Structure formats: structure tokens, C-alpha cells
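We number each residue from 1, following the sequence as shown. Note that this is a predicted model, so its numbers are computed, not measured.
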Amino acid sequence: MSTAATARPAPGTGRRLLTALGTATPVYVLLATVLIALAVTDPGFYEADRFLAFVKRAAPLVILAAGQYLVIVCGEFDLSVGAIVTAGVVVAAQLYASFPALHWLVATLVLLAAGGVAGLVSGLVTTRLRVPSFITTLGMMLILEGAVFFWTGGSPQGALPAAFRALGRGTAFGWLPWAVPVCLAVGVGAYLLMRADFGRTLLATGDSERAAHLSGVRVTRVRVTAFVLSGVAAGLAAVLVGGFSGVSAQAGQGYEFEAITAVVLGGVLLGGGRGSVVGAMAGAFSLQALFTLLNLRGVSGALESTVQGVIVIAAVGLGAADYSRLRRRRTRSPDTRSPEGTTR
């Protein structure tokens with residue numbers, strides 16, 4: 001009997017681990033698999049300089065995925081983040097063209113505030129005017145892209161000083177890219193936010209807007225805040241992209257779809273109500289690692305969009321099927337069965 005008793009905790013431990021990992025379990029497995037494949041394909045990939053360069057490239061997408069998660073988990077979309085990144089890079093270059101002595105921290109705060117304002121506008125239009133967020137943020141994306149093209153003529157002028165570019169390409173302590181502590185800070189902040197009351201109300205809003213409202217949740221405020229935080233994340237990503245890549249009128253092109261792909265790859269349910277912010281950020285790392293692996297294997301970069309499409313369709317399809325089964329199990333109760341054991 002003691003032998004049986006000692007043998008039981010193992011399955012319980014495994015179940016607890018899977019419960020702790022939650023819906024993001026597949027992305028952790030995928031990330032580990034891709035990282036192993038990278039080591040086999042290119043043994044030099046894990047040399048300190050090369051691996052940290054990979055993290056530096058992945059950092060903007062990881063930050064965008066964290067912001068996109070907040071919007072998606074409450075039942076909305078944000079297609080404007082890529083355009084906010086592009087506009088942020090161009091605005092920073094124009095700022096330094098007009099004010100060469102501007103402190104990098106002031107310029108960074110301007111981009112964060114501008115991203116937050118763009119998110120605020122999208123959030124208010126979505127919640128107050130009842131315009132679907134897909135349409136609202138698509139419109140915001142087109143407005144920002146058009147404004148950037150009109151302002152720059154398709155060829156932005158100016159340059160970003162070394163002090164501003166330090167976050168995107170510089171190092172701390174002589175070896176650690178600043179993008180690494182920035183990513184860690186965003187990850188810790190997002191995790192703590194989701195553990196707080198705001199995170200619980202965000203999930204409740206995505207799960208059932210009516211139930212959340214009846215429970216006293218200020219649904220409009222929660223959703224607008226999610227859009228604002230997504231815009232701020234895009235502003236921070238613009239700082240990193242500008243620092244890493246320099247000034248370009250296509251600096252943030254495609255980031256909006258990559259961020260959504262990363263979030264759904266991380267096990268977050270489109271439509272809201274379920275998912276982990278850590279899983280979403282792991283999804284961003286997995287996506288970047290997968291693109292790197294394909295590149296090392298000689299696969300054309302033109303297929304990246306194809307890979308994203310396959311991932312989105314597969315992840316959403318599997319997630320929806322799993323969620324439907326879960327809801328059916330939760331709504332089934334003992335009193336739905338007749339005395340003869342047949343379902344009524």
C-alpha cells in the first residue's frame with residue numbers, strides 16, 4: 001500500500017505542471033523544438049554574440065505581442081501597431097532634425113505618449129461608437145501609413161543619434177543588449193498586470209462582456225486601457241526598431257500580423273477570455289526562431305507570410321475546437337440526465 005501511495009504523486013505532479021503551463025503548453029514545446037533544431041542546423045548559433053543578436057531582433061515583436069495580447073484577450077484586435085512603429089521611427093527622425101540636442105529619454109517618452117494616444121483613439125472609437133475593432137484599427141493603420149508617406153514622400157530624412165539608438169543596438173555592461181532587460185521588464189510588468197484585478201477583469205470581459213458588465217466591470221474602461229497599453233507597447237517597439245534598423249518608411253511593415261500570429265501561437269483564444277501573456281511572448285520568440293531556422297535551411301523569406309497564415313489557421317482552429325469541448329463539459333451537469341441515464 002505504501003508503494004502505491006508513493007507512486008501516485010507523479011501523475012499529479014505532471015497534471016499540475018500542465019495546468020500551470022495552461023493553454024501555452026504547445027508553444028513551449030514548439031520553442032524548445034525549434035531551438036534544438038537551430039543548434040543542430042548551426043552549432044554556432046548559441047555563441048553569445050549571435051544568440052544575443054537573435055534576442056535583439058526578436059525584442060520588438062515580443063513587446064508588440066505583449067501589447068496585442070491585452071487587446072485580443074478582451075475580445076478585440078489591434079491592426080495599427082505596425083503603422084505606429086513606422087510612424088514612431090519617422091517622428092523620432094523628424095524630431096532630431098528639428099531639435100538635434102533633444103535628450104533620448106524625452107524623445108522616447110514622446111513616442112510612448114504618441115502610441116498611447118493612437119491606442120486611446122482606437123479604443124474610444126471601438127467602444128463609444130461601436131465600430132468593430134478590426135475596422136477601427138485597420139483605418140488607423142491606413143491613416144498613419146498615409147500620413148507618413150505624405151510627410152516624407154516615401155523617403156524619410158534625418159538620422160537618429162547614437163544615444164537614442166542605444167536601446168535598440170547598444171549594450172549594457174559591455175555585452176548585454178539593452179533590448180534584453182527591456183523585454184524582461186515588459187514581460188514582468190505584463191505578468192504582474194494580468195495577476196492583478198485589471199488582468200482578471202480583462203479576461204472576464206473577453207469571456208463574456210454581458211456577464212462582466214453585470215458583475216460590475218467597467219467594460220469600456222477596461223477595453224480602452226488595453227488599446228492604450230497596446231499603443232504604448234508599439235511606441236516602445238518603435239524605439240527598439242529605430243535603434244536597430246535605422247530610419248525607414250517601412251520600419252514596422254508586417255509587424256501587426258506577426259504580433260497576432262505570435263499571440264494565437266501562444267495559445268490565446270481569438271475572441272478573448274483565455275490565454276497567457278507569457279505564452280504570447282513565447283509565441284513571438286518561437287515565430288522569430290522559426291523564421292531564423294527557415295532562413296538557415298535556405299527557405300525563401302517570401303514564404304514567411306505563408307508560414308504565418310498556416311500557423312494562424314491551425315492555431316485558431318485547434319483552439320476553437322478545444323474551447324468548444326471545454327464549454328460543453330462545463331455546462332453539462334448531473335441534472336441533465338433522466339433517471340434511466342439517458343440525456344433529456
Legend entry - Residues clustering with Phe150 (ILVMFWY side chains joined when closer than 4.5 Å, directly or via others): none
Inset, instruction - Output every pair passing salt bridge (Lys or Arg N to Asp or Glu O under 4.0 Å) with a member in residues 143-161, not counting sequence neighbours, ordered by first then second residue. - result: none
Legend entry - Straight-line distance of Ile63 CD1 to Ser230 OG, nearest 0.5 Å: 12.0 Å
Inset, instruction - Using a 4.5 Å cut-off on heavy atoms from C-beta on, say whether the side chain of Leu35 contacts that of Leu38. - result: yes
Please list every donor-acceptor pair under 3.5 Å in which a side-chain atom of residues 99-117 meets a protein atom from a residue at least two apart or in another chain.
{"from": "His103", "atom 1": "ND1", "to": "Leu105", "atom 2": "N", "distance (Å)": "3.0"}
{"from": "Thr108", "atom 1": "OG1", "to": "Trp104", "atom 2": "O", "distance (Å)": "2.9"}

Legend entry - Residue pairs passing the salt bridge (Lys or Arg N to Asp or Glu O under 4.0 Å) test where at least one lies in residues 116-143, sequence neighbours excluded: Arg130-Glu209
Inset, instruction - Any pair with a residue in residues 84-93 that passes side-chain hydrogen bond (donor to acceptor under 3.5 Å, both in side chains), sequence neighbours left out, goes on the list, sorted by first then second residue, please. - result: none
Legend entry - Criterion side-chain contact (heavy atoms from CB on, under 4.5 Å) on Val85 and Leu64, from CA distance to verdict: CA-CA 10 Å; Val85 170; Leu64 287 174; 4.2 Å; yes
Legend entry - Pairs where residues 179-232 contributes a residue and the test ring-ring contact (aromatic ring centres under 6.0 Å, His included) is met, not counting sequence neighbours: none
Inset, instruction - Mind listing the closest non-hydrogen atom pair of Ala212 and Val219 along with its distance? - result: CB-CG2, 4.3 Å
Let me have the donor-acceptor pairs involving side chains of residues 280-294, under 3.5 Å, with sequence neighbours excluded, atom names and distances please.
{"from": "Ser286", "atom 1": "OG", "to": "Ala282", "atom 2": "O", "distance (Å)": "2.9"}
{"from": "Thr292", "atom 1": "OG1", "to": "Gln288", "atom 2": "O", "distance (Å)": "2.9"}

Inset, instruction - Please round to the nearest 0.5 Å and tell me the distance separating atom CG of Leu124 and atom OG1 of Thr220. - result: 9.5 Å
Inset, instruction - For residues Val71 and Ser133, determine if any side-chain heavy atom of one lies less than 4.5 Å from a side-chain heavy atom of the other. - result: no
Legend entry - Distance (rounded to the nearest 0.5 Å) between Leu79 CG and Phe77 CZ: 8.0 Å
Inset, instruction - Take Leu203 and Asp207 through the side-chain contact (heavy atoms from CB on, under 4.5 Å) test and state the conclusion after the steps. - result: CA-CA 6 Å; Leu203 288 167; Asp207 187 51; over 6 Å; no
Inset, instruction - Sorted by first residue and then second, give each salt bridge (Lys or Arg N to Asp or Glu O under 4.0 Å) pair with at least one member in residues 167-195; sequence neighbours left out. - result: none
Legend entry - Qualifying ring-ring contact (aromatic ring centres under 6.0 Å, His included) pairs, either residue in residues 160-187, two or more places apart: Tyr96-Phe164
Inset, instruction - Would you give the length of the straight line joining atom CG of Leu229 to atom CG of Leu120, rounded to the nearest 0.5 angstrom? - result: 11.0 Å
Inset, instruction - Verify, without hydrogens or angle tests, whether Ser208 (side chain) and Ala204 (backbone) share a donor-acceptor contact under 3.5 angstrom. - result: no
Legend entry - Side chain proximity check, Trp151 to Val91, heavy atoms < 4.5 angstrom: yes
Legend entry - Distance-minimising heavy-atom pair for Ala190 and Val277: CB-CG2, 3.7 Å
Inset, instruction - Answer with yes or no whether the hydrophobic clustering places Leu184 together with Val55; edges join I, L, V, M, F, W, Y residues whose side-chain heavy atoms lie under 4.5 Å apart. - result: yes
Inset, instruction - Check whether Phe51 and Leu31 end up in the same hydrophobic cluster, where Ile, Leu, Val, Met, Phe, Trp and Tyr are linked by side-chain heavy atoms less than 4.5 Å apart. - result: yes
Legend entry - Evaluation steps, side-chain contact (heavy atoms from CB on, under 4.5 Å), between Thr126 and Val131: CA-CA 5 Å; Thr126 298; Val131 179; 5.7 Å; no
Inset, instruction - Return each pair, listed once, that meets salt bridge (Lys or Arg N to Asp or Glu O under 4.0 Å) where at least one residue sits in residues 69-81; pairs must be two or more places apart or across chains. - result: Glu76-Arg223
Inset, instruction - Taking all non-hydrogen atoms of both residues into account, name the closest pair between Gly242 and Leu160 and its distance. - result: O-CD1, 3.6 Å
Legend entry - side-chain hydrogen bond (donor to acceptor under 3.5 Å, both in side chains) contacts in which one or both residues fall within residues 38-55, not counting sequence neighbours: Asp42-Arg50
Inset, instruction - Measure the OG-CZ distance between Ser245 and Arg57 for me, rounded to the nearest 0.5 Å. - result: 10.5 Å
Inset, instruction - Determine whether Leu70 and Leu202 make a side-chain contact, defined as any pair of heavy atoms from C-beta on separated by less than 4.5 Å. - result: yes
Legend entry - Within one Ile-Leu-Val-Met-Phe-Trp-Tyr cluster: Ile143 and Phe134, side-chain cutoff 4.5 Å: no
Inset, instruction - Quick one: pull up CG in Leu129 and OG1 in Thr136 and give me the separation to the nearest 0.5 Å. - result: 8.0 Å
Legend entry - Whether over 12 other heavy atoms sit under 6.0 Å from Phe149 CZ: no
Legend entry - Nearest non-hydrogen partners of Leu240 and Ala59, listed with the distance: CD1-CB, 4.0 Å
Legend entry - Side chain to side chain, Met140 and Val121, heavy atoms closer than 4.5 Å: yes
Inset, instruction - Indicate yes or no: at least one non-hydrogen side-chain atom of Val180 is less than 4.5 angstrom from one of Pro177. - result: yes
Legend entry - Joint cluster assignment, Phe244 & Val89, ILVMFWY side-chain distance < 4.5 Å: no
Distance-only criterion, 3.5 Å: show the donor-acceptor pairs between side-chain atoms of residues 249-258 and protein atoms not counting sequence neighbours.
{"from": "Glu256", "atom 1": "OE1", "to": "Gly82", "atom 2": "N", "distance (Å)": "3.4"}

Inset, instruction - Applying side-chain contact (heavy atoms from CB on, under 4.5 Å), run through Lys56 and Leu52 and close with a yes or a no. - result: CA-CA 6 Å; Lys56 191 189 301 185; Leu52 290 176; over 6 Å; no
Legend entry - Under 3.5 Å donor-acceptor, Ser276 side chain and Val278 backbone: yes
Legend entry - Closest non-hydrogen atom pair between Leu176 and Pro181, with its separation: CD2-CD, 4.1 Å
Legend entry - Closest non-hydrogen atom pair between Ala159 and Val247, with its separation: CA-CG2, 4.4 Å
Legend entry - ILVMFWY cluster, Met194 and Val188 together (side-chain gap under 4.5 Å): yes
Legend entry - Flag side-chain contact, heavy atom, 4.5 Å: Thr201 against Val222: yes
